[in-house]
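For reference, the structure is listed below as structure tokens.
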Amino acid sequence: MAGSESRVVATRVLDAVLHHGRSLKAELSNALPQVPDPRDRALVEAICFAVLRQPARLDAALKAWVPKPLPRRDLELRALLMVGFVQLDPMRLPSHAAVAATVDAARALGRAHQAGMVNALLRRAQREGLPTVAAHANWPQWLRDALARDWPDEVNAIIEAGAQEPPLWLRVNVQQGRREQYHARLQAEGIEAVDDSRAPDALCLRTAVPVASLPGFAQGAVSVQDAAAQLVVDALQPLQASSRVLDACAAPGGKTAHLLERDASITVTALDIDERRLSNVRKTLERLQLHERARLRAADASALDAWWDGTPFDAVLLDAPCSATGIVRRQPDVLLHRRETDLDALQLLQARLLDALWRTLRPGGVFVYATCSVLKAENEAQVEAFLARTPDAQAEPLDERFGRISGAGRQRLPGENGYDGFFYARLRKRDASGG
Ligand SMILES: C[S@@+](CC[C@H](N)C(=O)[O-])C[C@H]1O[C@@H](n2cnc3c(N)ncnc32)[C@H](O)[C@@H]1O
């Protein structure tokens, strides 16, 4: 029964994500703490990601092998069958154990009457292999069209990158030691890593390990963060000593923490509209021993009257809410849940945040606008429109570490150098003398 438990949990998570519009991250964070064995937790996660990286292929197998479409009451069974299929391909778990545990899971889910069917379909998948379906079938048509418009030469690479398992990137807390020192600590533990020439605090692990087994993790020596996300803090550099920095959309706190790690003289005001997510920022900063230089506030960053005392910031970071189309490999359910109409609302919100937050920046100060999107409407077009309506804003160049030039900013496309997709723009507020 032990093996079936992880299949049951994975099925429930996937049923919620595939059929009830829930987010994978939220479902996993509810479900995983109830799974006592860390190996089972890792298995649940691996199964869920394997399913959500190729739902079109699994659907094609079901369409081919199940004569009638499954009724609504059997959507959980659909999720369970997908859980079964991915264990055979691409996970390549020992097939006898995988099939047996999945059939047991059918019984544990109160579907003993369908256990024979589950067994037969998994045996068939084992014999015949799953059909081949191109990765682009997982992307909604409107999003494929938007990509083809924005990145006609790169669209296939972007879609392929979305189906890949991303590497595990670490960010070394340089308040506790240099990257080389942490690299040596990993080596001493037999964990192989490579450093990165563009992101100065980043190490990429050759094989992922559970975070709890990273040396010094609990004491704050290191965090998990993609190298493209780490570069956001580099786009703000150099900061003057003792700068007051605003991180306007801060949760779960990766960039707030990185800012504080980089420079022990600065203080950061970290806002987020979501109080629950803001509590994760607090926990992260406490683990990293950085909380004393941060001021956390739950607020709508665009409603200045609600949170701003009128004292200008030296630097502002807007890591904006966005379509997350640059991080599909980490959040594959983006492709299931994102609607074309969401984009209009996101663009309006981004513009509102840009306009309001610009007012909080002192003349001469620097403002970074970043997203984990690959859509130009949220990125270069958003910045271009902002520059056109904001006479005291001036774009400053970023170098090729930040990816290819995209309007006044730079775009890193997903998969390049093993990075997530990200957009960065650096803006300067002219001071009174026009400089
Ligand atoms: C891309 S995430 C930020 C990631 C974060 N900077 C990090 O590095 O961990 C965007 C965040 O914006 C927050 N958000 C959305 N609308 C907001 C608003 N009006 N004011 C403040 N935060 C907002 C969301 O709750 C979400 O946490």
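Predicted model only: the values in this text are computed from it and were never measured. Numbers here are sequence positions counted from 1. Every number for a ligand or one of its atoms is a count from 1 in the order of the listing.
With 3.5 Å as the limit, one finds a donor-acceptor pair spanning the side chains of Y419 and D196. Between the side chains of R7 and Q87, at least one donor N or O sits under 3.5 Å from an acceptor N or O. Inspection of the W358 and D392 side chains reveals an N or O donor paired with an N or O acceptor under 3.5 Å. Side-chain contact of S323 with E378: a donor-acceptor pair under 3.5 Å is present, judged by distance alone. Looking only at atom types and distance, the side chain of S223 has a donor-acceptor partner in the side chain of R171 under 3.5 Å away. Using modelled atom types, one finds a donor on one side chain and an acceptor on the other under 3.5 Å when comparing Q141 with D145. In summary, the side chains of Q175 and Q289 do not present any donor paired with an acceptor at a separation below 3.5 Å, with no hydrogens or angles considered.
Using a 4.0 Å cut-off to heavy atoms of D274, the atoms of ligand 1 that qualify are 25 (O). Each of the following atoms of ligand 1 lies closer than 4.0 Å to a heavy atom of A299: 20 (N), 21 (C). Contact atoms of ligand 1 toward A248: 21 (C), 22 (N) (distance under 4.0 Å to a heavy atom of the residue).
Residue contacts with ligand 1 for A250 involve N, CA, C or O but no side-chain atom from C-beta outward (heavy atoms, distance under 4.0 Å). Under 4.0 Å from ligand 1, not a single heavy atom of A229 appears. Of the heavy atoms in S302, none comes closer than 4.0 Å to ligand 1. With a 4.0 Å heavy-atom cut-off, ligand 1 is reached by the backbone of K255 and by its side chain too.
Among all non-hydrogen protein atoms, the one lying nearest atom 19 (N) of ligand 1 is D300 OD1, 2.9 Å. Atom 22 (N) of ligand 1 has I273 N, 3.2 Å as its closest protein atom, hydrogens excluded (heavy atom only). For atom 20 (N) of ligand 1, the closest heavy atom belonging to the protein is A301 N, 2.9 Å. Nearest protein heavy-atom contact of atom 15 (C) of ligand 1 is P321 CG, 3.6 Å. Here the protein heavy atom with the shortest distance to atom 6 (N) of ligand 1 is D319 OD2, 2.7 Å. A251 O, 3.1 Å is the protein heavy atom nearest to atom 4 (C) of ligand 1. Summary of contacts: the protein heavy atom closest to atom 11 (C) of ligand 1 is D272 OD2, 3.5 Å. The nearest heavy-atom contact from the protein to atom 12 (O) of ligand 1 is C249 CB, 3.3 Å.
Applying the 6.0 Å contact sphere to CZ of R404 captures more than 12 heavy atoms from other residues, nucleotides or ligands. Within a 6.0 Å radius of CD in Q187, more than 12 heavy atoms belonging to other residues, nucleotides or ligands are found.
In terms of N/O distances under 3.5 Å, ligand 1 is approached by R277. When only interatomic distances are considered, the shortest N/O to N/O separation between G253 and ligand 1 falls below 3.5 Å.
For the pair D234 and R262, the salt-bridge criterion is met [side-chain N within less than 4.0 Å of a carboxylate O].
Contact analysis puts A320 in contact with ligand 1, with a non-hydrogen atom separation below 4.0 angstrom.
With sequence neighbours left out, the side chain to side chain donor-acceptor pair (under 3.5 Å) criterion links N379 to T371, Q411.
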